[in-house]
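Just so you know, residue 1 is the first one in the sequence shown, and it goes up from there.
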Amino acid sequence: MGKGLGDKLVLAISSRALFDLDESHRVYEAEGIEAYRQYQIEHEDEVLEPGDAYPLVEKLLGLNEQLGQPRVEVILVSRNSADTGLRAFNSIQHYGLGISRAAFVGGRSPEPYLRAFGCHLFLSTHADDVRRALQSGFASATILSGGPRRAASNELRIAFDGDAVLFSDHSERIYQTGGLEAFQAHERDSAREPLDGGPFKPFLSALNRLQQEFPPDACPIRTALVTARSAPAHERVIRTLREWDIRLDESFFLGGLEKASILETFGADVFFDDQAGHCEKARDVVATGHVPHGVSNESQL
């Protein structure tokens, strides 16, 4: 954890994940950086609409008020310069978000600064920045546009895929090279051998510690595992989480069934998955973060 932030849960988020910057981004793509800079300056007093990750940030920051102490820190990390980033900070103030720290890195990836801030999670719309962060050992996801927003609630619900997200991709590699039968045989034989942690294990662990600060019957954070695994591959997952001393509130072993209907019923505020195909289907019902990690994403590197 970075010096000065204690044992807070720390989220780093890009300005385009927090706010809707599609219009100004089109200016950047069509006319270049100087036109973009002028556009942002000319519109810096116009409040930005919330982006796809805004509800998640709002709920995370709301936990501070419920606990009566600052236990969650959200840091704006942006490829903008401070000059062009002023509009984002003006919008933060307009909405009353408890965000006071920022890193404006002037066109470069913010990844090198994640460790300095002690981040547990990085969310961005810039896939290359997310990949760099994952390679450096940070839980990171590319926020996909289009996810509907869950009805207003004080409860924060986060859903995770298993392999290559919470767990390593070792078992997924066996599945992709040897098929379902080889995968199930391996998981059955390894049922008492804990899985290695994936990129989101530290974030889930930090989230679990935060849950323990609330009364068990009144915790506003609810987590779920939504995985394509099924019996007999379920046992290793359960024993792994027990070994990690991490509790998930709900677990769904779907055996290849579509995840979208489960996510919609669970009422997830965000869902993290490594497979692009799963993310495309999930984004119709929930804000979705693609985790470009593991064997399913190696062809894209």
Side-chain angles (χ1 to χ4, degrees), residues 11-58 60-61 74-114 116-117 119 121-136 138 140-149 269-270 272 276 279-280 282-284 286-292 297 300-301:
L11 165 66
I13 188 166
S14 73
S15 53
R16 284 186 65 204
L18 182 59
F19 295 118
D20 182 353
L21 282 161
D22 286 350
E23 184 177 349
S24 53
H25 188 66
R26 284 191 289 270
V27 172
Y28 168 75
E29 290 186 320
E31 303 178 44
I33 185 64
E34 183 55 32
Y36 170 81
R37 176 178 173 274
Q38 288 298 324
Y39 180 90
Q40 291 295 66
I41 291 173
E42 290 168 4
H43 294 80
E44 65 186 24
D45 292 325
E46 296 178 13
V47 176
L48 293 161
E49 291 295 320
D52 291 288
Y54 182 95
L56 172 65
V57 169
E58 190 174 43
L60 277 169
L61 290 171
V74 177
I75 300 170
L76 187 68
V77 291
S78 175
R79 282 177 167 260
N80 284 318
S81 64
D83 196 26
T84 56
L86 182 58
R87 188 181 183 191
F89 251 132
N90 287 344
S91 297
I92 286 171
Q93 293 171 358
H94 170 83
Y95 291 110
L97 294 176
I99 299 174
S100 61
R101 292 181 170 91
F104 296 108
V105 296
R108 297 189 176 184
S109 173
E111 174 271 322
Y113 298 98
L114 300 181
F117 284 118
C119 296
L121 176 64
F122 172 52
L123 300 179
S124 177
T125 58
H126 199 290
D128 288 341
D129 288 350
V130 169
R131 291 191 184 94
R132 290 189 185 98
L134 284 164
Q135 290 165 3
S136 296
F138 294 96
S140 308
T142 308
I143 292 295
L144 306 179
S145 63
R149 293 174 185 168
D269 289 294
V270 66
F272 298 108
C279 291
E280 285 300 318
R283 71 193 293 182
D284 290 335
V286 60
T288 300
H290 176 228
V291 183
N297 295 281
Q300 301 173 27
L301 299 178

Taking it one step at a time, do Asp52 and Leu144 satisfy side-chain contact (heavy atoms from CB on, under 4.5 Å)? CA-CA 7 Å; Asp52 291 288; Leu144 306 179; over 6 Å; no

Please tell me if the side chains of Leu97 and Val74 come closer than 4.5 Å, counting only heavy atoms from C-beta onward. no

For His94 and Val47 the tightest heavy-atom approach is CD2-CG1, 3.4 Å

Contacts of Tyr28 that satisfy ring-ring contact (aromatic ring centres under 6.0 Å, His included) - sequence neighbours left out: His25, Tyr36

Using side-chain contact (heavy atoms from CB on, under 4.5 Å), reason through Thr288 and Val270 one step at a time and then give a plain yes or no. CA-CA 5 Å; Thr288 300; Val270 66; over 6 Å; no

Report yes if the side chains of Leu56 and Leu123 come closer than 4.5 Å at any heavy-atom pair, otherwise no. yes

Nearest heavy-atom approach of Pro110 to Phe122 is CG-CZ, 4.0 Å

Would you say OH of Tyr39 has more than 12 non-hydrogen atoms from neighbouring residues, nucleotides or ligands within 6.0 angstrom? yes

Show the nearest heavy-atom pair for residues Ala12 and Cys119, with the distance to one decimal. CB-SG, 3.6 Å

Determine yes or no for a side-chain-to-main-chain donor-acceptor pair under 3.5 angstrom, with Asp20 supplying the side chain and Asp22 the backbone. yes

Please tell me if the side chains of Leu86 and Phe104 come closer than 4.5 Å, counting only heavy atoms from C-beta onward. no

If we ignore hydrogens and angles and just use 3.5 Å, is the side chain of Arg131 paired with the main-chain N or O of Pro292 as donor and acceptor? no

Would Leu76 and Ser15 satisfy side-chain contact (heavy atoms from CB on, under 4.5 Å), going step by step from the backbone distance to the final call? CA-CA 7 Å; Leu76 187 68; Ser15 53; 4.1 Å; yes

For Phe89 and Ile99, the nearest pair of non-hydrogen atoms, with its separation, is CE2-O, 3.7 Å

Is the shortest heavy-atom distance from the side chain of Leu121 to the side chain of Phe138 under 4.5 Å? no

Closest contact, heavy atoms only, Glu46 versus Arg87: O-NE, 3.1 Å

Is there a donor-acceptor pair closer than 3.5 Å between any side-chain N or O of Ser91 and the backbone N or O of Leu48? yes

Show the numbers, then the answer: is there a side-chain contact (heavy atoms from CB on, under 4.5 Å) between Val77 and Ile13? CA-CA 6 Å; Val77 291; Ile13 188 166; 5.8 Å; no

Are Arg16 and His126 packed together at the side-chain level, in the sense that at least one heavy-atom pair is separated by less than 4.5 angstrom? no

Quick one, Glu34 with Gln38, criterion side chain to side chain donor-acceptor pair (under 3.5 Å). Give me CA distance, side-chain angles, the key distance, then yes/no. CA-CA 6 Å; Glu34 183 55 32; Gln38 288 298 324; 3.2 Å; yes

Could you check whether any side-chain N or O of Ser136 sits under 3.5 Å from a backbone N or O of Arg132, counting only pairs where one atom can act as donor and the other as acceptor? yes

Electrostatic pair Arg79:Asp129 at N-O distance under 4.0 angstrom: yes

Between Tyr95 and Phe19, how do the two ring planes meet: parallel, tilted or perpendicular, split at 30° and 60°? parallel

Please give me the minimum heavy-atom distance between Leu18 and Tyr54, naming the atom from each residue. O-CB, 3.5 Å

Less than 4.0 angstrom from a charged side-chain N to a carboxylate O is my criterion; do Glu23 and Arg26 meet it? no

Please check if the side chain of Asn90 supplies one atom and the backbone of Asp45 the other of a donor-acceptor pair under 3.5 Å. no

